[in-house]
Amino acid sequence: MMASQLNTGVAANCGSQMLPLESDRTPVDAAPIQIAGRVLEPSPVFDTYWRFAAARQAVYLARVEGHPGPWTRDPILLRHRFTNCYRAADRVSQYLISNVSYAGDQTWKEVFFRTIVFKLFNRLSTWQLLSHSLGEVRWAEYCFDTYNRVLSGAFQAGEKLYSAAYVMPAPRLSEVRKHSNHLRLIELIMRSSAPQRIQDAATMKDAFAVLRNFPGLGDFLAYQYLIDLNYSAGLDFDEMEFVVPGPGARDGIRKCFGPASAGIEHEIIRYMADQQEAHFARLGLSFPGLWGRRLQLIDCQNLFCEVDKYARVAHPQVMGLSGRTRIKQTFRRDPAPVAAWFPPKWGINDLIKHSAGRASLRAEIVNRLRSDPVPENSLQLKLG
């Protein structure tokens, strides 16, 4: 069966995806797991990880195909906001890929510059402000005073410049305002030949080390920025090559495996990516991936973050590292169509077009039947 057909089938059945709200005393089907020489005893959150992934992906596919909501019966998914299973499918990543990575001058230095400018603020309105004010965001025409004037004006007018998704520490680079220091950081990165050094890096880990060396970029941000740069045509690292667990992922890992997981979080994420098909099958779950693309290390890392949040309600007695007990963000339905366009080098965009065409035809047939029912044998003739 083609990947597009698998995705269609999962999306069509999304209404049946409901995670059991298990307590911490619910029996766990998974046997002890050996990772990095340790034997880990999975908690109930471990199976929830896989059930959450299947249910959340079904919601995403249903929305891409334009199915009317609600897209799930799970009360936690209905009430709260969770990111997609695949990082590249999220709204900000989709905007980056379509409007930053593959729009404009495709020379590597310019793609690199645009990506870092976008990600340091990680807010669509800030990128749009710069684009509209400057005409085009280009390193070849960069001027600190010009960029700083635009951003300072917006800041003084009370506009938010940064997304709340990441904590963006301000490097101390002689300026007073956070955004001014980030502009200085961009200058430092660009003038230290970082674009070329990253492109010349033999491994993803080597490229990560280049970014990690700059002030204000810790392990988590350096890794996230490298993933964003890797969406472009200028890099082609394998997402299965390297991973850096973030704070949320460490929380989710602790909830799945307890204190014995400390220090081997990298290996656990790799285990999840390597064994995903076996565990979906063990639980009888359908998970076709992203038009045939398997969950990568970055996606399994992100899923641990989301399961950490989900478990605060589903498994309140299973504690992580942060001690957080509430999910802050509530789900608000966005009527806009869900964008689904990925790096062309992944080879899945044609499959998405095919899947969308099939979904559109089905919707047209259903709407026609509702307004003008016809006998079954007549319908067969028309569709044949």
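Values in this document were obtained by computation on a predicted structure and should not be read as measured data.
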Pair Asp228-Lys119, salt bridge (charged side-chain N to carboxylate O under 4.0 Å, His left out): steps then yes or no
CA-CA 8 Å; Asp228 289 309; Lys119 289 303 298 182; 3.4 Å; yes
I'd like to know whether Asp47 forms a salt bridge (charged side-chain N to carboxylate O under 4.0 Å, His left out) with Arg282, so could you lay out the CA-CA distance, the side-chain angles of the two residues, the decisive distance to 0.1 Å, and finally the verdict.
CA-CA 10 Å; Asp47 280 357; Arg282 175 177 62 82; 2.6 Å; yes
Test salt bridge (charged side-chain N to carboxylate O under 4.0 Å, His left out) on Lys255 and Asp251; report intermediate values, then the result.
CA-CA 6 Å; Lys255 288 181 179 180; Asp251 241 344; 5.9 Å; no
Show the numbers, then the answer: is there a ring pair (Phe, Tyr, Trp, His ring centres under 6.0 Å) between Tyr49 and His279?
CA-CA 10 Å; Tyr49 178 102; His279 286 290; 9.3 Å; no
Check step by step if side chain to side chain contact (heavy atoms under 4.5 Å, CB included) holds for Glu41 and Phe257.
CA-CA 6 Å; Glu41 297 282 349; Phe257 298 108; over 6 Å; no
For Asp90 and Tyr60, run side chain to side chain donor-acceptor pair (under 3.5 Å): C-alpha distance rounded to whole Å, both residues' side-chain angles, the deciding distance at 0.1 Å, then the answer.
CA-CA 10 Å; Asp90 279 328; Tyr60 167 73; over 6 Å; no
After noting the C-alpha distance and the side-chain angles of Asn302 and Asn84, does the key distance pass the side chain to side chain contact (heavy atoms under 4.5 Å, CB included) rule?
CA-CA 9 Å; Asn302 282 9; Asn84 285 302; over 6 Å; no
Starting from the C-alpha separation in whole Å, work towards a yes-or-no answer on side chain to side chain contact (heavy atoms under 4.5 Å, CB included) for Ser125 and Glu159.
CA-CA 9 Å; Ser125 59; Glu159 296 182 28; over 6 Å; no
Apply the test salt bridge (charged side-chain N to carboxylate O under 4.0 Å, His left out) to residues Arg294 and Glu277: give CA-CA distance (whole Å), side-chain angles for both, the deciding distance (0.1 Å), then the verdict.
CA-CA 9 Å; Arg294 302 173 76 246; Glu277 289 85 3; 2.6 Å; yes
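Listed for the Arg184 side chain is no donor-acceptor partner under 3.5 Å among the backbone atoms of Leu173. Between the side chain of Tyr86 and the main chain of Leu295, a donor-acceptor pair closer than 3.5 Å is present. Side-chain atoms of Ser232 come within 3.5 Å of backbone N or O of Leu229 as a donor-acceptor pair. Proximity of a side-chain donor or acceptor of Arg254 to a complementary backbone N or O of Ser261 within less than 3.5 Å is not detected. Side chain of Ser101 to main chain of Tyr231: no donor-acceptor pair is present (N/O by atom type, distance under 3.5 Å, no hydrogens or angles). Here the side chain of Gln199 pairs no donor or acceptor atom with the backbone of Arg197 at under 3.5 angstrom. Between the side chain of His132 and the backbone N or O of Gln128 there is at least one donor-acceptor pair closer than 3.5 Å. Listed for the Glu110 side chain is no donor-acceptor partner under 3.5 Å among the backbone atoms of Gly104. Looking at Ser180, its side chain never comes within 3.5 Å of a backbone N or O of Val176 through a donor-acceptor pair. Looking at Gln106, its side chain never comes within 3.5 Å of a backbone N or O of Val111 through a donor-acceptor pair.
Using modelled atom types and a 3.5 Å distance limit, the side chains of Gln296 and Arg87 yield no donor-acceptor pair. In summary, the side chains of Asp206 and Thr203 do present a donor paired with an acceptor at a separation below 3.5 Å, with no hydrogens or angles considered. Between the side chains of Arg172 and Asn181, no donor N or O sits under 3.5 Å from an acceptor N or O. No hydrogens or angles considered: a donor-acceptor pair under 3.5 Å links the side chains of Thr107 and Asp105. Side-chain contact of His266 with Tyr271: a donor-acceptor pair under 3.5 Å is absent, judged by distance alone. Side-chain atoms of Tyr225 and Asn230 form no donor-acceptor pair, as typed in the model, at a separation below 3.5 Å. Residues Tyr162 and His182 have side chains that bring a donor and an acceptor to within less than 3.5 angstrom of each other.
Atom CZ of Arg138 has more than 12 heavy atoms from other residues, nucleotides or ligands within 6.0 Å. Residue-environment remark: NZ (Lys160) stays at or below the threshold of 12 foreign heavy atoms within 6.0 Å. For NZ of Lys178, the number of neighbouring non-hydrogen atoms (other residues, nucleotides, ligands) closer than 6.0 Å is greater than 12. The neighbour count for Asp238 CG, taken as heavy atoms of other residues, nucleotides or ligands under 6.0 Å away, is above 12.
To the nearest 0.5 Å, the span separating CG on Asn148 from CG on Leu183 amounts to 5.5 Å. Atom NZ in Lys109 sits 14.0 Å away from atom CZ in Arg114 (nearest 0.5 Å). Here CZ of Phe214 is found 3.0 Å from OG of Ser192. Values are rounded to the nearest 0.5 Å. Atoms CZ and CZ, on Phe237 and Phe242 in that order, are 11.0 Å from each other to the nearest 0.5 Å. Note that the CG atom of Leu321 and the CD1 atom of Ile253 stand 9.5 Å from one another [nearest 0.5 Å]. Remark: Glu141 CD to Thr146 OG1 distance equals 10.5 Å, nearest 0.5 Å.
No side-chain heavy atom of Gln57 sits under 4.5 Å from any side-chain heavy atom of Leu285. Under the 4.5 Å side-chain criterion, counting only non-hydrogen atoms from C-beta, Met240 is in contact with Asp274. Side-chain contact between Tyr223 and Val243: present, with at least one pair of heavy atoms (C-beta onward) separated by less than 4.5 Å. Between Val45 and Phe304, the closest side-chain pair of non-hydrogen atoms is not below 4.5 Å. In this structure the side chain of Phe82 never reaches within 4.5 angstrom of the side chain of Val59, judged on heavy atoms. Annotation: side chain of Tyr102 is in contact with side chain of Pro344 (closest heavy-atom distance under 4.5 Å).
A salt bridge is absent between Arg270 and Glu265; no separation between the charged side-chain nitrogens and carboxylate oxygens falls under 4.0 Å. Electrostatic pairing of Arg149 and Asp145 does not count as a salt bridge here, judged by no charged N lying under 4.0 Å from a carboxylate O.
Using a 30° and 60° split on the angle between ring planes, Phe342 and Trp346 fall in the parallel class, below 30°.
Residues Val313 and Leu78 do not share a hydrophobic cluster, defined by chaining ILVMFWY side chains whose heavy atoms lie under 4.5 Å apart. Transitive grouping of hydrophobic side chains (ILVMFWY, heavy atoms separated by less than 4.5 Å) brings Trp341 and Trp127 into a common cluster.
Across all non-hydrogen atoms, the minimal contact from Ser133 to Val150 is OG-CG1, 3.7 Å.
None of Phe113, Phe112, Trp108 except one satisfies the ring-ring contact (aromatic ring centres under 6.0 Å, His included) rule with Trp139; the exception is Phe113.
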